[in-house]
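Each remark here refers to the structure printed beneath this line.
Below, read A as the first sequence line, B as the second, and so on, with proteins coming before strands; counting in each chain starts at 1. Please read all numbers here as calculations on a predicted model, not as lab measurements.
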Protein chains: 2
Amino acid sequence: MRYSHQREIIREIVFSTNSHPTADWIYGEIKKSLPNVSLGTVYRNLKQLADEGIIRNIQDGPVARYDWNIEPHDHLKCNVCGEMIDIQVPNEIIKDTVMEKYDFEVSDVEITLVGKCNKHT
Amino acid sequence: MRYSHQREIIREIVFSTNSHPTADWIYGEIKKSLPNVSLGTVYRNLKQLADEGIIRNIQDGPVARYDWNIEPHDHLKCNVCGEMIDIQVPNEIIKDTVMEKYDFEVSDVEITLVGKCNKHT
DNA sequence: ATAGTAATAATAATCATTACTAATTAAAAA
DNA sequence: TTTTTAATTAGTAATGATTATTATTACTAT
Ligand SMILES: [Mn+2]
Ligand SMILES: [Mn+2]
Ligand SMILES: [Zn+2]
Ligand SMILES: [Zn+2]
């Protein structure tokens, strides 16, 4: 993968926030410095960065979000403000139980807890 | 919600399979008996049935799937054959831990384990 | 039977994402 | 340093899933 200015800025944007941004939000950000980038470029580079394991892709319903944090972790999704919060759930137990009980080779555990964050009490 | 023949058949189709069918698959099935149904009718009725709690909506990446089993349960997704298998994971522990640790009012826990099912050993 | 309104088929619109293409550009080869 | 190359780009068209619109049809209560 050869260097590209666009990809470097996209990477920096993803690494600059904890908000698990969407491609569209990143597009809005990169246009501030490079007004001529196209949305296709954003999608293409996010895909490349995710394929290389530099960033992580997380699916939030029908839209893809991106995360600089590639360590295994789970998420809380607030259905009031839409925010996604990182959480750590001990899922090795789940994984092991399922592999044994269902004879299934688990490669990834995706846990999202949906509810209301503490801003809306 | 008043009775409709289309909705009744859609409900029966969802209840007839364990495959967590998509709207499009259901559309193909209902056309066998009612060739003139429109895809919009399928979507509208699936939404109504899910809103009424008669069936359950599960998000599989960018596509919606439907499940006659409304009891709280989780899924295994095989990334070889695409099949979704019902599993029971004791998630009350997770829920309670997260509610306390993160001060988050959890209404739903979504767990999907991705991997390879025992048909591809 | 009539009126009121929920549901329908057909179709257009939307939204997120991917595909295509001619022009540009980083990096390798000469 | 100048070609040569192939990856990358901007711009745009196309796709796939879903939702919205609209004129028509069909239950249901009076
Ligand atoms: Mn995260
Ligand atoms: Mn299920
Ligand atoms: Zn919130
Ligand atoms: Zn399988």
Specify the separation, in whole Å, of atom CE of A:M1 and atom C1' of C:dA27.
-> 15 Å
Side-chain donor/acceptor pairs under 3.5 Å, residues 101-117 of chain A, sequence neighbours excluded:
{"residue": "A:Y102", "atom": "OH", "partner": "B:Q88", "partner atom": "N", "Å": "3.0"}
{"residue": "A:S107", "atom": "OG", "partner": "B:V114", "partner atom": "O", "Å": "3.1"}

Grab the CD1-P distance between A:I9 and D:dT8 for me, whole Å please.
-> 16 Å
Quick one: side chains of residues 48-61 of chain B, donor-acceptor pairs under 3.5 Å with protein atoms, not counting sequence neighbours, listed by atom name and distance.
{"residue": "B:Q48", "atom": "NE2", "partner": "B:N45", "partner atom": "OD1", "Å": "3.1"}
{"residue": "B:D51", "atom": "OD2", "partner": "B:K47", "partner atom": "NZ", "Å": "3.2"}
{"residue": "B:R56", "atom": "NH1", "partner": "B:E71", "partner atom": "O", "Å": "3.4"}
{"residue": "B:R56", "atom": "NH1", "partner": "B:H73", "partner atom": "O", "Å": "3.4"}
{"residue": "B:R56", "atom": "NH1", "partner": "B:H73", "partner atom": "ND1", "Å": "3.3"}
{"residue": "B:R56", "atom": "NH2", "partner": "B:H73", "partner atom": "O", "Å": "3.2"}
{"residue": "B:D60", "atom": "OD1", "partner": "B:K77", "partner atom": "NZ", "Å": "2.7"}
{"residue": "B:D60", "atom": "OD2", "partner": "B:R65", "partner atom": "NE", "Å": "2.8"}

Can you list every pair that meets ring-ring contact (aromatic ring centres under 6.0 Å, His included) and has a residue in residues 16-36 of chain B, with sequence neighbours left out?
-> B:H20-B:H75
Counting only N and O atoms by type, is there a donor-acceptor contact under 3.5 Å from the side chain of A:T41 to the main-chain atoms of A:V37?
-> no
How close or far is atom P of D:dA17 from atom OH of B:Y27, stated in whole angstroms?
-> 13 Å
With B:S19 via side chain to side chain contact (heavy atoms under 4.5 Å, CB included) - residues at least two apart = B:T17, B:P21
One would report the end-axis bend of the helix from C:dA1-D:dT30 to C:dA30-D:dT1, five pairs per end and rounded to 10 degrees, as 20°
How far does CZ of A:R11 sit from OG of A:S4, to the nearest 0.5 angstrom?
-> 11.5 Å
Geometric cation-pi criterion, B:R7 with B:Y3: 6.0 Å, 45° = no
Using a cut-off of 4.0 Å between protein heavy atoms and nucleotide atoms, how would you tag nucleotides 9-26 of chain C 5' to 3' with B, S and -?
-> BB-----SBB------BB
Rounded to the nearest Å, what distance is computed from the CD atom of residue B:Q48 to the C1' atom of nucleotide D:dT18?
-> 15 Å
From CG of B:D51 across to P of D:dT18 the rounded distance in Å is 15 Å
D:dA17 P sits how many Å from B:N57 CG, rounded?
-> 15 Å
For residues A:W68 and A:V14, report the shortest heavy-atom separation together with the two atoms involved.
-> CD1-O, 3.4 Å
